[in-house]
Amino acid sequence: MAVQQNKVTRSRRNNRRSHDALKTASWVECAECGELTLPHHVCRHCGSYRGREILVAAIAEEEDEEL
């Protein structure tokens, strides 16, 4: 088992841990509907990605079921 030779100071220990903090998610506005989505992901509201409709939107399916 490894045993340290010298004491690691609080400063050196905390500098090593400075990269461990969680980053907040960056949200972008969907170009089609204006909802906030994660970058490089299909919009859950309208189902579009980069200006093209990829998925059939869940809202459209709900509207069809009501009719």
Side-chain angles (χ1 to χ4, degrees):
M1 187 170 146
V3 179
Q4 67 183 19
Q5 294 290 317
N6 298 318
K7 179 179 179 176
V8 177
T9 63
R10 279 177 253 135
S11 175
R12 189 172 291 270
R13 177 196 65 200
N14 293 340
N15 281 332
R16 183 178 63 246
R17 293 178 182 173
S18 67
H19 303 286
D20 293 343
L22 296 174
K23 310 258 187 313
T24 58
S26 60
W27 295 90
V28 296
E29 198 171 297
C30 176
E32 299 295 318
C33 64
E35 288 287 318
L36 292 178
T37 61
L38 290 172
H40 307 286
H41 284 71
V42 175
C43 178
R44 292 183 180 190
H45 187 259
C46 65
S48 66
Y49 179 71
R50 298 185 68 179
R52 291 178 289 196
E53 187 172 343
I54 304 297
L55 300 174
V56 176
I59 294 173
E61 291 177 1
E62 291 173 5
E63 291 174 356
D64 290 340
E65 290 174 5
E66 291 175 1
L67 297 177

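Side chains included, hydrogens not; waters and symmetry mates left out as well; all remaining heavy atoms used.
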To the nearest 0.5 angstrom, please state how far the CD atom of Glu32 sits from the CD atom of Glu53. 8.5 Å

Is there a side-chain contact between Glu29 and Thr37 in this structure, where contact means two heavy atoms from C-beta onward sitting under 4.5 Å apart? no

Begin with the C-alpha distance, continue with both residues' side-chain angles, and end with the deciding distance and a verdict on side chain to side chain contact (heavy atoms under 4.5 Å, CB included) for Thr9 and Arg13. CA-CA 6 Å; Thr9 63; Arg13 177 196 65 200; over 6 Å; no

Do side-chain atoms of His41 reach the backbone of Pro39 as a donor and acceptor pair under 3.5 angstrom? yes

For the CD atom of Glu35 and the SG atom of Cys43, what is their distance to the nearest 0.5 Å? 6.5 Å

Nearest-0.5 Å distance that lies between atom CZ in Arg10 and atom CZ in Arg17: 12.5 Å

To the nearest 0.5 Å, how far apart are CZ in Arg50 and SG in Cys30? 13.5 Å

Same cluster for Leu36 and Leu38 if Ile/Leu/Val/Met/Phe/Trp/Tyr side chains link at under 4.5 Å? yes

